[in-house]
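To start, the structure itself, in structure tokens.
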Amino acid sequence: SWADADTEGRHGIAGNIRFNNLQYPYAGDSGTHLAWGEFFEAHGSDIVVVNGINVATGNHITGRKNTWGGHKNRNNPSLAALHAANHTDNLAIPYISYGGYAETANEVPLARISTGGQNTILSNLTDSPNTYLEDNVESLIRTKSETRLGQAQAQARLVKAQRQIVALQNAQMSAAQMTCLKEAYDNNTVYDTDSEPYITTTSRDLKRMARFVLSSFESGVAVSANIYRGGFDDHSWFNRDQSKVMAEMLDGLDYLLREAKARNLLDRTVILVSSEFGRPPHMNDNGVDGGGQENEEGRDHWSHTSAMVM
């Protein structure tokens, strides 16, 4: 077979998944590395790979629409947005996005954040008591506000006005929910994403995103999220650069799966990994024959892609 014929150990099979066992070192530790095979051997039984997905385009923007929204000519809500809209009863931040295609078509509130933004959110969530109002006064204000909003909701006739009132109600309810998020984030179970070894700062940030998203799921403030990693557009130096970006992605995904399992969320979570299009099976002519340097060849856009579903 394809893998059996490999005498240098570069290829492998985990279940029915065939992979190229490349390696990339951790930052600052040349003796430690992540081999692609380690990821697939650890998680291959939980993965379904779908090949040959035709997105019918080689354009980045159109491909994102087609892959995640189902139509290349319309701004349809993303699959993640539709899931959040179906489970968004009074959640603080039902749909989180770190980038990528995140159209909602006004079906659900969207929280666009970054790793820096999530750190700001977490630093502002403290367990200290309100220093301005006593608890009974704060509770009375909250009760009166909820009553007033309920009356406004009952009197509203326009759909737009009703949605605005609901959004305000959710915003006011979010403070108590967000304190639960801070508690869940601090209670990470696999390892501290700020101190453990990582391949690059990009893979470290992917782990921080995954930790925040899973904490949001566990605490009940969110039900859907986009975690985004760019940098795959290698029209040159494909073999050199892909070993890095793929290792970064797999390192972050490895943490996501292990942390989800440790938090007892994996059996209730669907993870979909894909892209706006794929790359052809042949290199372009950016190498020596095209006037460039040796091994400078890349892969251009191709209308077929793949997906991993867990």
Side-chain angles (χ1 to χ4, degrees), residues 16-20 36 39-40 43 46-88 93-114 202 205-206 209-210 213 217 222-236 238 241-242 244-246 248-250 252-253 256-257 269-284 286 297-310:
N16 61 352
I17 299 175
R18 298 183 176 189
F19 56 85
N20 193 338
W36 294 10
F39 171 83
F40 289 107
H43 306 292
D46 296 321
I47 298 173
V48 174
V49 175
V50 183
N51 292 317
I53 301 172
N54 186 1
V55 297
T57 185
N59 178 275
H60 288 285
I61 296 176
T62 305
R64 292 189 191 106
K65 290 181 180 181
N66 217 8
T67 299
W68 302 109
H71 200 294
K72 63 181 181 179
N73 295 324
R74 292 199 299 263
N75 291 329
N76 284 353
S78 69
L79 180 62
L82 290 175
H83 174 74
N86 196 42
H87 300 82
T88 186
I93 46 175
Y95 181 22
I96 301 169
S97 178
Y98 289 91
Y101 186 79
E103 179 62 49
T104 66
N106 294 321
E107 293 294 333
V108 65
L110 171 65
R112 293 187 184 273
I113 62 175
S114 62
T202 297
D205 286 347
L206 286 172
M209 296 177 201
V213 166
F217 290 173
V223 293
S224 191
N226 292 352
I227 296 178
Y228 177 76
R229 170 63 172 106
F232 290 89
D233 200 21
D234 289 325
H235 293 274
S236 60
F238 183 87
D241 294 343
Q242 284 292 309
K244 175 185 176 183
V245 294
M246 283 295 296
E248 289 172 336
M249 187 191 74
L250 294 177
L253 190 55
L256 173 62
L257 288 165
T269 304
V270 176
I271 302 168
L272 174 61
V273 183
S274 192
S275 62
E276 66 265 40
F277 46 69
R279 302 284 159 169
H282 56 271
M283 294 288 192
N284 58 30
N286 286 344
E297 301 94 340
R299 297 181 191 267
D300 297 322
H301 299 180
W302 202 37
S303 61
H304 290 73
T305 187
S306 301
M308 292 196 300
V309 186
M310 291 147 275

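By convention here, the first residue in the shown sequence is residue 1.
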Legend entry - Distance-only side-chain donor-acceptor flag, D233 / H301, under 3.5 Å: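 Indeed, the side chains of D233 and H301 share at least one donor-acceptor pair under 3.5 Å.
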Where do [X] and [Y] come nearest, in terms of heavy atoms and distance?
{"X": "S306", "Y": "G52", "answer": "OG-N, 4.4 Å"}
{"X": "S275", "Y": "T305", "answer": "OG-OG1, 2.9 Å"}
{"X": "P109", "Y": "Y95", "answer": "O-CB, 3.6 Å"}
{"X": "I96", "Y": "A222", "answer": "CD1-CB, 3.8 Å"}
{"X": "L82", "Y": "P77", "answer": "CD2-CG, 3.6 Å"}
{"X": "G58", "Y": "F277", "answer": "O-CE2, 3.4 Å"}

Legend entry - L272, CG atom: more than 12 neighbouring heavy atoms under 6.0 Å: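 Yes, CG of L272 has more than 12 neighbouring heavy atoms, counting only those of other groups under 6.0 Å.
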Inset, instruction - Return yes when atom CG of N75 has more than 12 non-hydrogen atoms of other residues, nucleotides or ligands closer than 6.0 Å, and no otherwise. - result: yes
Point-to-point distance, once rounded to the nearest 0.5 Å, from [atom1] of [X] to [atom2] of [Y]:
{"X": "N54", "Y": "W302", "atom1": "CG", "atom2": "CH2", "answer": "9.5 Å"}
{"X": "M249", "Y": "T202", "atom1": "CE", "atom2": "OG1", "answer": "13.0 Å"}
{"X": "M209", "Y": "L256", "atom1": "CE", "atom2": "CG", "answer": "12.0 Å"}
{"X": "E276", "Y": "H60", "atom1": "CD", "atom2": "NE2", "answer": "6.0 Å"}
{"X": "H83", "Y": "E107", "atom1": "NE2", "atom2": "CD", "answer": "14.5 Å"}
{"X": "N66", "Y": "S303", "atom1": "CG", "atom2": "OG", "answer": "10.5 Å"}

Legend entry - CA sep, side-chain torsions, deciding dist, call: Y101, T67, side chain to side chain contact (heavy atoms under 4.5 Å, CB included): CA-CA 9 Å; Y101 186 79; T67 299; over 6 Å; no
Inset, instruction - Answer yes or no: is there a side-chain heavy-atom contact under 4.5 Å between I17 and I47? - result: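 I17 reaches I47 side chain to side chain.
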Legend entry - D205 and Y98, any side-chain heavy atoms less than 4.5 Å apart: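 Answer no - side chains too far apart.
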Legend entry - side chain to side chain contact (heavy atoms under 4.5 Å, CB included) partner of L253, the single match among R229, M310, H43: M310
Legend entry - Audit row: W68, N226, side chain to side chain contact (heavy atoms under 4.5 Å, CB included) steps and yes/no: CA-CA 11 Å; W68 302 109; N226 292 352; over 6 Å; no
Inset, instruction - Indicate yes or no for a side-chain donor-acceptor contact from N76 to the backbone of G69 under 3.5 Å, with no hydrogens or angles considered. - result: yes
Inset, instruction - Would you sort out whether F39 and M246 count as a side chain to side chain contact (heavy atoms under 4.5 Å, CB included), showing the intermediate values? - result: CA-CA 11 Å; F39 171 83; M246 283 295 296; over 6 Å; no
Inset, instruction - Would you check, one step at a time, whether the test side chain to side chain contact (heavy atoms under 4.5 Å, CB included) holds for N284 with E297? - result: CA-CA 6 Å; N284 58 30; E297 301 94 340; 4.2 Å; yes
Legend entry - Geometric cation-pi criterion, R299 with F238: 6.0 Å, 45°: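 Pair R299/F238 counts as cation-pi.
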